[in-house]
Amino acid sequence: MRRRLLIIGAQITAVLGLVIGWQWAAQQDILDRFLVGTPRGVWTALLAWIADGSLWPNIGSTLTAFLVGYCFALLIGTGLGVLLATLPFLRQVMDPFVAFANSLPRLMFYPFFAIWLGFGLTPKALYVVFVVIVLVILNVVAGVTEIDRSLIMNMRVMGARSPDLIAQVFFPAIALWLSSAARLMVGYGFQAAIISEFIGSTRGLGHLVAQAQTQFDVNQVWAAIVVMIIIAIAMDGGLALVERRTTVWMAN
Amino acid sequence: MLIHVSRGALVLAVLVAWQVSASQSRLIFLLFSSPTHVAEVLGAWSTSADRWHDVAATLGAATLSYLVGSIIAAAFTLCLWTAPALSQFFAPFTAALNALPKVVLAPLFILWFGIGIPGRIAFVTSTIFFVILYNVLSSARSVDPLYLTNATALGANRLWLFREVYLPATFGFIMTSLRISAGWALLATLLAEYLGANIGIGYRIAQGQELLHSDEVFAGLTIIGIVAILMDQGLVTVERRFSQWRLV
């Protein structure tokens with residue numbers, strides 16, 4: 001207990017020291033204020049965004065694009081994954097193509113969607129779907145193919161019908177794999193949502209970064225990063241909580 | 001056998017559908033170009049020294065960034081491994097940085113380091129750092145405690161434990177994470193080039209997109225696909241060669 005307190009104390013000291021050191025070095029011109037920004041500048045930028053109310057619509061825009069895309073990716077990806085898992089021949093044929101799609105730099109494909117659909121919510125959401133769906137498919141296929149066949153056979157012998165099997169066997173297996181991969185997929189999807197706002201957007205966290213870049217305002221970039229870290233930690237923490245709750249029944 | 005034929009048929013069907021739809025629809029042609037055009041561009045590029053320079057630049061940047069990044073990550077991982085207190089100290093910071101979408105660091109790195117190699121190295125390092133860190137640390141934690149207890153009871157000191165127990169036990173994980181980070185290094189290099197560069201395949205793709213030359217974009221993507229497949233196969237071979245002593 002005491003060690004934990006000591007470590008927390010050391011962490012707080014380190015953060016304070018870093019911030020104070022940074023501010024001092026920037027004021028003494030040891031660090032170039034233009035290149036690196038100052039803590040005070042970052043704080044001012046954040047406060048300005050909160051004060052004129054522009055922070056919340058921007059966060060909302062990014063999160064909307066991300067959530068819409070992520071949900072659709074889950075739905076469509078699960079469907080396709082189950083299809084692949086239940087048709088072994090199709091899965092064997094598609095295996096190298098799915099692996100190839102997974103190794104593609106899908107994050108670079110946003111301009112395709114922008115040219116096709118313009119700059120609204122639809123291309124952003126579709127782009128998030130495009131980025132995330134391959135991971136969903138891979139995990140769903142892994143989850144379903146890992147199910148013990150004898151378990152299913154036993155359940156059928158004892159009178160289980162398809163709805164029972166889906167609810168009691170398939171759904172938990174898929175949910176388990178998806179929730180353990182959720183943190184990776186959420187990270188990817190969130191990145192995709194932000195990248196989609198780099199060009200041609202008028203709202204969103206990515207747009208804030210792009211705007212800051214054109215104005216050469218490093219403090220705004222830092223402020224946007226701080227906001228993103230907070231959101232990302234909140235999502236990650238929420239997912240960790242969900243993961244802990246849903247895997248309570250597991251042996252390890 | 002049937003599987004290979006089906007795959008070939010699938011690829012052929014997609015190519016034919018692509019060609020036909022591109023000739024019928026201006027939109028499809030604008031977005032995706034057509035197989036014949038992409039093949040033309042690839043043919044022109046294969047004889048152009050500039051494009052080979054691009055490929056070399058990308059591969060060189062990726063390799064350099066990968067080496068620097070994995071060495072930095074390995075050093076940091078080693079420190080955290082041997083000092084659990086340090087590991088606890090850094091835990092929230094690494095979690096926060098890991099959660100951050102690294103792509104927003106790209107503008108910062110471009111501002112600090114310019115659009116050349118140092119910025120590339122910084123970006124790739126920031127991407128593969130956490131992959132290596134978390135993989136190696138979690139594999140170190142999953143070493144069978146029985147080995148450790150027995151060895152310590154027989155008088156082993158920490159160095160011996162590290163050399164004879166930890167390293168062999170985590171070797172598989174380390175190799176796999178190094179292989180995965182190599183793939184990530186290539187992708188991160190391409191993304192960095194895409195976001196800001198003046199040379200490299202990612203840059204050519206960005207150029208093609210800006211000029212709406214979809215055939216160039218797809219030619220670039222084809223090259224990336226080939227490079228990625230070759231690299232992965234090569235690394236799998238290397239991994240297998242180094243894992244021959246293992247039973248599993």
Side-chain angles (χ1 to χ4, degrees), chain A residues 3-4 6-8 10-11 14-15 32 34-36 89-90 92-97 99-100 103-116 183 186-188 190-195 198 205-206 209-210 212-213 216 218 221-222 224-225 228-237, chain B residues 2-7 9-11 14 27-28 30-32 84-93 95-108 110-112 183 186-191 193-196 202 205-206 208-210 212 214 217 220-221 224-225 228-229 231-232:
Chain A
R3 199 170 102 142
R4 244 183 85 79
L6 270 177
I7 289 186
I8 294 180
Q11 287 167 337
V15 171
D32 186 347
F34 177 72
L35 275 187
V36 175
F89 178 71
L90 189 62
Q92 281 179 307
V93 167
M94 296 296 295
D95 215 15
F97 298 119
F100 175 69
S103 63
L104 267 184
R106 299 187 298 283
L107 288 174
M108 288 167 55
F109 277 72
Y110 177 61
F112 286 106
F113 294 94
I115 297 173
W116 176 25
R183 290 157 92 166
V186 164
Y188 238 129
F190 194 49
Q191 276 206 63
I194 291 176
I195 290 184
F198 273 174
L205 293 170
V209 174
Q213 215 183 348
F216 285 103
V218 183
V221 177
W222 283 121
I225 288 181
M228 279 184 226
I229 289 184
I230 295 176
I231 295 178
I233 290 183
M235 286 199 293
D236 202 54
Chain B
L2 185 59
I3 294 176
H4 291 290
V5 171
S6 312
R7 283 188 197 145
L10 190 61
V11 172
V14 166
L27 178 66
I28 301 269
L30 182 68
L31 278 179
F32 301 111
L86 270 185
S87 178
Q88 270 187 303
F89 173 74
F90 277 109
F93 303 122
L97 285 175
N98 187 30
L100 175 71
K102 314 295 177 302
V103 71
V104 297
L105 295 176
L108 269 182
I110 293 177
L111 183 62
W112 292 342
L186 181 63
L187 291 182
T189 309
L190 287 166
L191 193 60
E193 286 172 357
Y194 179 76
L195 291 174
I205 293 181
Q209 274 179 345
E210 268 172 53
L212 287 184
S214 303
V217 172
L221 288 172
I224 293 176
I229 292 177
M231 190 184 74
D232 199 57

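In what follows, chains carry the letters A, B, and so on, assigned in the order in which the sequence lines appear, proteins first and then strands, with residues in each chain numbered from 1.
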Part of B:Ile3 within contact of chain A (heavy atom distance under 4.5 Å): both
From A:Ile229 atom CD1 to B:Asn98 atom CG, the distance as rounded to the nearest 0.5 Å: 11.0 Å
Winner by heavy-atom pair count (cut-off under 4.5 Å) against chain B, out of A:Phe198, A:Trp222, A:Phe34: A:Trp222
Engaged part of B:Leu212 at the chain A interface, taking heavy atoms whose separation is under 4.5 Å: side chain
Heavy-atom contact with chain B under 4.5 Å, split by part of A:Val93: both
Side-chain donor/acceptor of B:Arg7 to backbone N/O of A:Gln92, under 3.5 Å: yes
Taking every non-hydrogen atom, the tightest pair across A:Ile7 and B:Ala85: CD1-O, 3.9 Å
Within-4.5 Å side-chain heavy-atom neighbours: B:Leu30 and A:Ile115: yes
Polar side-chain atom of B:Gln209 near backbone of A:Phe112 as donor-acceptor pair, under 3.5 Å: no
Residue, of A:Phe190, A:Phe97, A:Phe100, A:Tyr188, that accumulates the most heavy atom pairs under 4.5 Å with chain B: A:Phe97
Residue part contacting chain A, namely of B:Leu27, when any heavy atom lies under 4.5 Å: side chain
Greatest number of heavy atom pairs closer than 4.5 Å to chain B - which of A:Ala210, A:Ala14, A:Ala224, A:Pro96: A:Pro96
Evaluation steps, side chain to side chain contact (heavy atoms under 4.5 Å, CB included), between A:Leu107 and B:Tyr194: CA-CA 10 Å; A:Leu107 288 174; B:Tyr194 179 76; over 6 Å; no
Side chain to side chain contact (heavy atoms under 4.5 Å, CB included) partner of A:Met108, chosen from B:Leu191, B:Val217, B:Leu195: B:Leu191
Residue A:Ile195 versus chain B: region with a heavy atom under 4.5 Å: side chain
Euclidean distance, A:Ile194 CD1 relative to B:Leu100 CG, rounded to 0.5 Å: 7.5 Å
Most contacts with chain A, counted as non-hydrogen pairs under 4.5 angstrom, among B:Leu97, B:Leu2, B:Val5: B:Leu2
A:Trp116 atom CH2, over 12 foreign heavy atoms within 6.0 Å: no
Any side-chain heavy-atom pair of B:Leu108 and A:Ile225 under 4.5 Å: yes
Contact origin within A:Leu35 toward chain B - heavy atom pairs under 4.5 Å: both
Interface moiety of B:Leu31 toward chain A, non-hydrogen atoms closer than 4.5 Å: both
A:Gln11 versus B:Phe90, closest heavy-atom pair with distance: NE2-N, 4.5 Å
Contact class of A:Gln213 relative to chain B, heavy atoms under 4.5 angstrom: side chain
